[in-house]
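Below you'll find the structure I mean.
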Amino acid sequence: MIAPIFQRIRRWCVSLLFFSLLLTQAFAQSTPQTAPPDPPAAPVSTDNKPPDILDGTLSAEGDLEDDEAPRTSFFRRPTSLDRWFAWKRQLHENHGLNFGGSWGVLWQNYTNSAIAQPNSVGSKFTFNWSYDLFNRRKPNAFSFDMAIEDRRPLGTNLPPLQAGIGAGTIVPTAATWGMFDLGITQAYIRQNVLTNHFQYTVGKIFAPNFIDAYPFFDDNRQFLSQQFSTSPTIASPLRGFGAVGAWFPTKNGMYLKSGMFTSLSSDTGSTISNFFTKNEHFYFWEGGVSGLARSGVPVQARGPMDANNIHLTGWYRNPTNGSPQSYGIAGNANRMIGGQYMWFVRSGWSVGHFNNWALSGGIGWRPAKTTADLFGAAFGWTRPTVPVPGGLRSQYTAETFYRFHVTPNFAITPVFQLIQHPALNPRVDTMWVTSVRARLVF
């Protein structure tokens, strides 16, 4: 009964995608644009509105909000899509409909690779769509969000996710740059209620977007290695049916968040029946303090940043597909220094997962006059627990990147990773991973 309904929704959503692409051709015009001024400081809310901690940039609405945030540049070219973006903003304002997309390409090179593929190129296409169904322009708007994606290798046998693991690292060198055909990867409802003090999301969602998230967890925009995005110690599912809620019990920034997902993920299929019929689930709970609780600024993955966040995350996963049960704890702390720097420290511990210890720390810098740019540098350690004779050695990872916005909607990011003692390639002690990431927003 449910499957035919989902298929009808899927056909309708794909039709909407092609209709939106036709609108792009009809309304997009190439006109010069001057760089906008520096964005103003975030206003202090008079009603202590809590941040939207359920909309990171790997969700549909969070991705849209960050792509449409003000950009400043220095000696850069303006975008030719100014009128197109202005029309989309007006459509969102008048009708509660927001949509947009991006296309990314990532090239990686691996020294001392354990497989006969030292290079990998991946493609990532994303189309996001969000519509306020009820209570439009109100804090308690009831919204439906959807993401349509396509990921694949370009001219190489393996995309960066699988090629990096094949090269010998137990921590993916590009965690979300895998492969699947065009399809619906997220489709969910969301709402803020009780005067913005409770948020919920229900539907097909990308679970890592909600679990132990922090400002640098998006490998479309920031660090590529999973060492510095999602924790390597958390046995999180990926795309599947689930529900998450967040509650702000006080006015000092404290929040409590919890969620439940099916452990049986499907990139572009439906898993709603698995959620209700199979006892194979992933649970998590998180408590912390958000530095943006008094500002009303959404906690997006980079954008305004959750400047001073500290949280503790616990999780449990039922036995799934023959795998034993697993559980663990992860922690995060990040804090701004001045107006442009932020440091972070993250850790994790688990039982029953293939990595049982991880620790990482780093710093990010956003130039004052080029706020779209971002520099990051970090170092981390992961200890695997895969049962092989003699065990697997601990792996150390260092990464640095600089995201350079050529135009407000086109960025190029060179990234360098140094992997010491790659756990899945015991023949070598050092592996370098050189990457170039390009991303176009439309």
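None of the values given here were measured: they were computed from a predicted structure. Both backbone and side-chain heavy atoms feed into the values below; hydrogens, waters and symmetry mates do not.
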Does any non-hydrogen side-chain atom of Lys278 lie less than 4.5 Å from one of Leu264?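 Yes, at least one pair of side-chain atoms sits under 4.5 Å.
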
Work out which heavy atom in Asn356 is nearest to a heavy atom in Thr233; give both atom names and the distance.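 Looking at all heavy atoms of both residues, the shortest contact is C-CG2, 4.2 Å.
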
Nearest heavy-atom contact between Ala187 and Ile184 is CB-CG2, 4.1 Å

How many angstroms lie between CD1 in Ile211 and OH in Tyr283, if you round to the nearest 0.5 Å? 13.5 Å

To the closest 0.5 Å, what do you measure between NE2 (His197) and CG (Asn192)? 10.5 Å

Test your reading of the model: is there a side-chain donor-acceptor pair from Gln186 to the backbone of Asp145, 3.5 Å cut-off? no

Taking C-beta and beyond as the side chain, do Ile165 and Pro172 meet within less than 4.5 Å on heavy atoms? yes

Has Thr400 got a side-chain atom pairing as donor or acceptor with Gly376's backbone, closer than 3.5 angstrom?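 Yes.
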
Apply side chain to side chain donor-acceptor pair (under 3.5 Å) to residues Ser435 and Gln108 and explain how you reach the verdict. CA-CA 4 Å; Ser435 309; Gln108 288 194 323; 3.0 Å; yes

Once you measure the plane-to-plane angle for Phe401 and Phe223, does it fall in the parallel (<30°), tilted (30-60°) or perpendicular (>60°) bin? perpendicular

Once rounded to the nearest 0.5 Å, what's the spacing between atom OG of Ser229 and atom CZ of Arg346? 8.0 Å

Basic-acidic side-chain contact under 4.0 Å: Arg403, Asp373: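 No, this pair does not count.
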
Is there a donor-acceptor contact under 3.5 Å from the side chain of Glu399 to the main chain of Ser225?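 It does hold such a pair.
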
Of the non-hydrogen atoms in Gln325 and Tyr316, which two are nearest, and what is the gap between them? OE1-OH, 2.8 Å

Examine distances only and state if a side-chain atom of Gln395 and a backbone atom of Ile170 form a donor-acceptor pair shorter than 3.5 Å.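 Yes; at least one donor-acceptor contact below 3.5 Å.
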
State, yes or no, whether a side-chain contact exists between Leu133 and Tyr131 at a heavy-atom distance under 4.5 Å.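 Counting from C-beta outward, Leu133 and Tyr131 do come under 4.5 Å.
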
Compute the ring centroids of Phe144 and Trp129, then answer whether they are less than 6.0 Å apart. yes

How many angstroms lie between CH2 in Trp357 and OG in Ser350, if you round to the nearest 0.5 Å? 9.5 Å

So, is the end of the Arg152 side chain (NZ or CZ) under 6.0 Å from the ring centre of Phe180 and within 45° of the ring's axis? no

Looking at every heavy atom in both Arg437 and Leu224, which two are closest together, and how far apart are they?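 Shortest heavy-atom separation between Arg437 and Leu224 comes out as NH1-CD2, 3.5 Å.
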
Does any part of the side chain of Asn274, heavy atoms only, come nearer than 4.5 Å to the side chain of Glu280, both counted from C-beta?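 SC-SC contact between Glu280 and Asn274 ruled out.
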
Give the minimum heavy-atom separation between Phe228 and Thr397, together with the two atoms involved. CZ-O, 3.5 Å

Determine, step by step, whether Asn309 and Tyr214 satisfy the side chain to side chain contact (heavy atoms under 4.5 Å, CB included) criterion, reporting the C-alpha distance in whole Å, the side-chain angles of both residues, the deciding distance to 0.1 Å, and the verdict. CA-CA 8 Å; Asn309 176 278; Tyr214 82 120; 5.7 Å; no

Taking the basic N atoms (NZ, or NE/NH1/NH2) and the acidic carboxylate oxygens, is any pair closer than 4.0 Å for Asp132 and Lys138?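 Result for this pair is no, no salt bridge flagged.
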
Under the side chain to side chain contact (heavy atoms under 4.5 Å, CB included) rule, what do Glu149 and Leu182 come out as? Steps first, then yes or no, please. CA-CA 5 Å; Glu149 299 181 81; Leu182 181 70; over 6 Å; no

Fit a plane to each ring of Phe282 and Trp315, take the angle between them on a 0 to 90° scale, and name the class: parallel (under 30°), tilted (30 to 60°) or perpendicular (over 60°).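 Judged by the thresholds at 30° and 60°, the geometry between Phe282 and Trp315 is parallel.
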
With His281 as reference, evaluate Phe275, Phe241, Phe261 under the ring pair (Phe, Tyr, Trp, His ring centres under 6.0 Å) test and give the passing residue. Phe275

Parallel, tilted or perpendicular for Trp84 and Trp87, by the 30°/60° rule? parallel

Go through it in stages, so that I can follow the logic: the residues are Tyr341 and Arg335, the test is side chain to side chain donor-acceptor pair (under 3.5 Å), and I'd like the CA-CA distance, side-chain angles, deciding distance and then a yes or no. CA-CA 9 Å; Tyr341 296 89; Arg335 186 175 181 85; over 6 Å; no

How about CH2 on Trp103, more than 12 heavy atoms from neighbouring residues, nucleotides or ligands closer than 6.0 Å, or not?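 Atom CH2 in Trp103 is not crowded, with 12 or fewer foreign heavy atoms closer than 6.0 Å.
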
Indicate yes or no: at least one non-hydrogen side-chain atom of Tyr255 is less than 4.5 angstrom from one of Val289.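 The answer is no, as the side chains (C-beta and beyond) never meet within the 4.5 Å cut-off.
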
Go through the side-chain N and O atoms of Asp219 and Thr176 and say whether any donor and acceptor fall under 3.5 Å apart. yes

Determine, for Asp212 against Lys257, whether the closest basic-nitrogen to carboxylate-oxygen distance falls under 4.0 angstrom.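 A salt bridge is absent here (no side-chain N lies under 4.0 Å from a carboxylate O).
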
Nearest heavy-atom neighbours spanning Thr268 and Asp181: CG2-O, 3.4 Å

Using a 4.5 Å cut-off on heavy atoms from C-beta on, say whether the side chain of Thr382 contacts that of Ser394. no

Residues Thr407 and Asn409: side-chain donor-acceptor under 3.5 angstrom: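 Yes - a donor-acceptor pair under 3.5 Å links their side chains.
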
Examine distances only and state if a side-chain atom of Glu93 and a backbone atom of Arg89 form a donor-acceptor pair shorter than 3.5 Å. no

Do Thr385 and His353 have side-chain heavy atoms sitting under 4.5 Å apart?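 With C-beta onward as the side chain, the pair stays apart.
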
Could you measure the distance from the NZ atom of Lys88 to the CZ atom of Phe99? Nearest 0.5 Å is fine. 6.0 Å

Decide yes or no on side chain to side chain contact (heavy atoms under 4.5 Å, CB included) for Arg439 and Arg221, but give the supporting numbers first. CA-CA 8 Å; Arg439 184 170 182 268; Arg221 297 169 170 87; 3.3 Å; yes

Ring-face cation contact, Trp177 with Lys124, 6.0 Å cut, 45° max: yes

Hey, are the side chains of Tyr188 and Lys204 touching, using non-hydrogen atoms and a 4.5 Å cut-off? no

Test log, rule side chain to side chain donor-acceptor pair (under 3.5 Å), inputs Thr173 and Gln417: CA-CA 8 Å; Thr173 60; Gln417 298 178 42; 5.1 Å; no

Atom CE in Met336, atom CH2 in Trp343: separation rounded to 0.5 Å? 12.0 Å

